[in-house]
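Taking it in order: structure first as structure tokens, then the write-up.
Just so you know, residue 1 is the first one in the sequence shown, and it goes up from there. It should be emphasised that the depicted structure is a prediction, and the values quoted were computed from it without experimental measurement.
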Amino acid sequence: MSQTKTLKVRVTLFCILAGIVLAMTAVVTDHWAVLSPHMEHHNTTCEAAHFGLWRICTKRIPMDDSKTCGPITLPGEKNCSYFRHFNPGESSEIFEFTTQKEYSISAAAIAIFSLGFVILGSLCVLLSFGKKRDYLLRPASMFYAFAGLCILVSVEVMRQSVKRMIDSEDTVWIEYYYSWSFACACAAFVLLFLGGLALLLFSLPRMPQNPWESCMDAEPEH
């Protein structure tokens with residue numbers, strides 16, 4: 001592989017590494033969506049919630065001057081519990097009752113598949129560096145692209161889950177917005193998917209540049 005190609009591959013791998021970090025951050029954190037209740041009475045406090053793939057956290061926070069439930073970042077009493085289908089010993093009845101269990105399980109399972117593809121791709125990259133086998137970068141690129149697609153599917157499943165929760169009559173939450181964990185997942189999709197495609201293009205052998213040049217005349221791979 002030429003020096004120019006090597007530089008492009010390294011830059012691409014750096015972008016993919018950033019996508020891996022963002023994907024892992026999104027999977028392990030619980031700030032995908034923030035939910036706010038409908039304020040029928042002018043109380044001094046309100047109970048907001050934020051959740052991720054594995055657990056939901058409720059927080060009692062003071063109301064601001066506009067009589068709306070203040071930002072979730074305000075200090076207050078916080079209570080977190082894992083979803084009951086992941087940990088039967090915990091209590092998360094509100095989430096369990098108002099949102100289909102299948103949505104939560106599907107989003108978490110697809111995210112785990114994404115991390116599995118990331119691990120396979122990283123193993124291929126390490127082997128290609130250690131043994132000078134550049135052809136291993138091609139399956140690595142596909143694994144990274146598949147990881148990005150899995151993150152995208154997980155994001156969409158989470159969106160449908162939030163929509164079902166808000167539309168349900170059994171929940172007090174009527175307002176929502178997607179938080180930084182959701183943004184990390186979206187950025188991870190872009191970096192992993194586009195990085196995987198770029199890595200595939202950069203790792204392919206040079207095509208013949210002239211009609212009389214055959215593929216066998218192209219520069220050999222290590």
Side-chain angles (χ1 to χ4, degrees), residues 1-33 50-55 104-161 178-210 213-222:
M1 184 179 295
S2 64
Q3 291 184 351
T4 303
K5 267 192 174 184
T6 301
L7 178 59
K8 291 180 180 179
V9 167
R10 289 179 179 177
V11 172
T12 303
L13 289 176
F14 178 79
C15 294
I16 290 175
L17 178 61
I20 293 173
V21 173
L22 290 173
M24 296 185 66
T25 301
V27 170
V28 301
T29 54
D30 47 29
H31 284 77
W32 284 63
H50 62 86
F51 69 96
L53 298 174
W54 313 102
R55 68 175 186 170
S104 178
I105 295 178
S106 298
I110 295 171
I112 292 299
F113 277 119
S114 175
L115 295 183
F117 283 128
V118 163
I119 293 173
L120 292 175
S122 300
L123 289 176
C124 289
V125 169
L126 292 177
L127 290 175
S128 69
F129 286 165
K131 301 295 184 180
K132 296 297 183 181
R133 297 171 179 173
D134 295 337
Y135 60 87
L136 289 177
L137 292 176
R138 296 164 204 164
S141 65
M142 300 306 298
F143 286 135
Y144 288 135
F146 290 153
L149 290 176
C150 287
I151 288 291
L152 177 63
V153 174
S154 184
V155 165
E156 180 58 28
V157 172
M158 181 62 71
R159 285 184 63 254
Q160 296 300 323
S161 175
Y178 297 107
S179 191
W180 57 269
S181 296
F182 187 88
C184 286
C186 294
F189 156 69
V190 174
L191 291 175
L192 288 173
F193 183 72
L194 296 183
L197 294 182
L199 183 62
L200 177 62
L201 293 177
F202 296 148
S203 61
L204 289 175
R206 184 174 64 87
M207 298 299 292
Q209 298 178 350
N210 301 305
E213 182 183 8
S214 66
C215 293
M216 296 300 296
D217 296 327
E219 59 184 24
E221 295 187 53
H222 296 290

Flag if over 12 foreign heavy atoms under 6.0 Å of CZ, Phe113:
no

Kindly compute the distance separating CE (Met142) from CG (Leu197), expressed to the nearest 0.5 Å.
7.5 Å

CD1 on Ile119 to OG on Ser114, rounded to 0.5 Å
10.0 Å

Taking every heavy atom of Ala140 against every heavy atom of Gly121, the minimum-distance pair comes out as CB-O, 3.5 Å

Donor-acceptor pairs are to be reported for all side-chain atoms of residues 148-159 against protein atoms at under 3.5 Å, with residues two or more places apart or in another chain.
residue: Ser154; atom: OG; partner: Ala107; partner atom: O; Å: 3.0
residue: Glu156; atom: OE1; partner: Arg159; partner atom: NH1; Å: 2.7
residue: Glu156; atom: OE2; partner: Arg159; partner atom: NH1; Å: 3.1
residue: Glu156; atom: OE2; partner: Gln160; partner atom: NE2; Å: 2.9

To the nearest 0.5 angstrom, please state how far the OG atom of Ser161 sits from the CD1 atom of Ile105.
11.5 Å

State, to 0.1 Å, how close Trp32 and Gly52 come at their nearest heavy-atom pair, and which atoms those are.
CD1-CA, 3.5 Å

Please check if the side chain of Trp54 supplies one atom and the backbone of Ala108 the other of a donor-acceptor pair under 3.5 Å.
no

Of all heavy-atom pairs linking Thr12 and Ala198, the shortest is CG2-CB, 4.0 Å

Working to the nearest 0.5 angstrom, can you tell me the gap between Ser141 OG and Leu199 CG?
5.0 Å

Mark yes when over 12 heavy atoms from residues, nucleotides or ligands other than Phe182 sit less than 6.0 Å from its CZ; otherwise mark no.
yes

Side chains of Ile16 and Leu192 in contact at under 4.5 Å (non-hydrogen atoms):
yes

Pick out which of Phe189, Phe117, Phe193 makes a ring pair (Phe, Tyr, Trp, His ring centres under 6.0 Å) with Phe146.
Phe117

How far apart are the closest heavy atoms of His31 and Ser179, and which atoms are they?
O-CB, 2.9 Å

Return the CG to CG distance between Leu204 and Leu200, rounded to the nearest 0.5 Å.
5.0 Å

Does any part of the side chain of Leu137, heavy atoms only, come nearer than 4.5 Å to the side chain of Phe202, both counted from C-beta?
no

Verify whether one side chain among Ser122 and Tyr144 offers a donor that lies under 3.5 Å from an acceptor in the other.
yes

Heavy atoms only: give me the nearest Ala26-Ser181 pair and the separation to one decimal.
CB-O, 3.5 Å

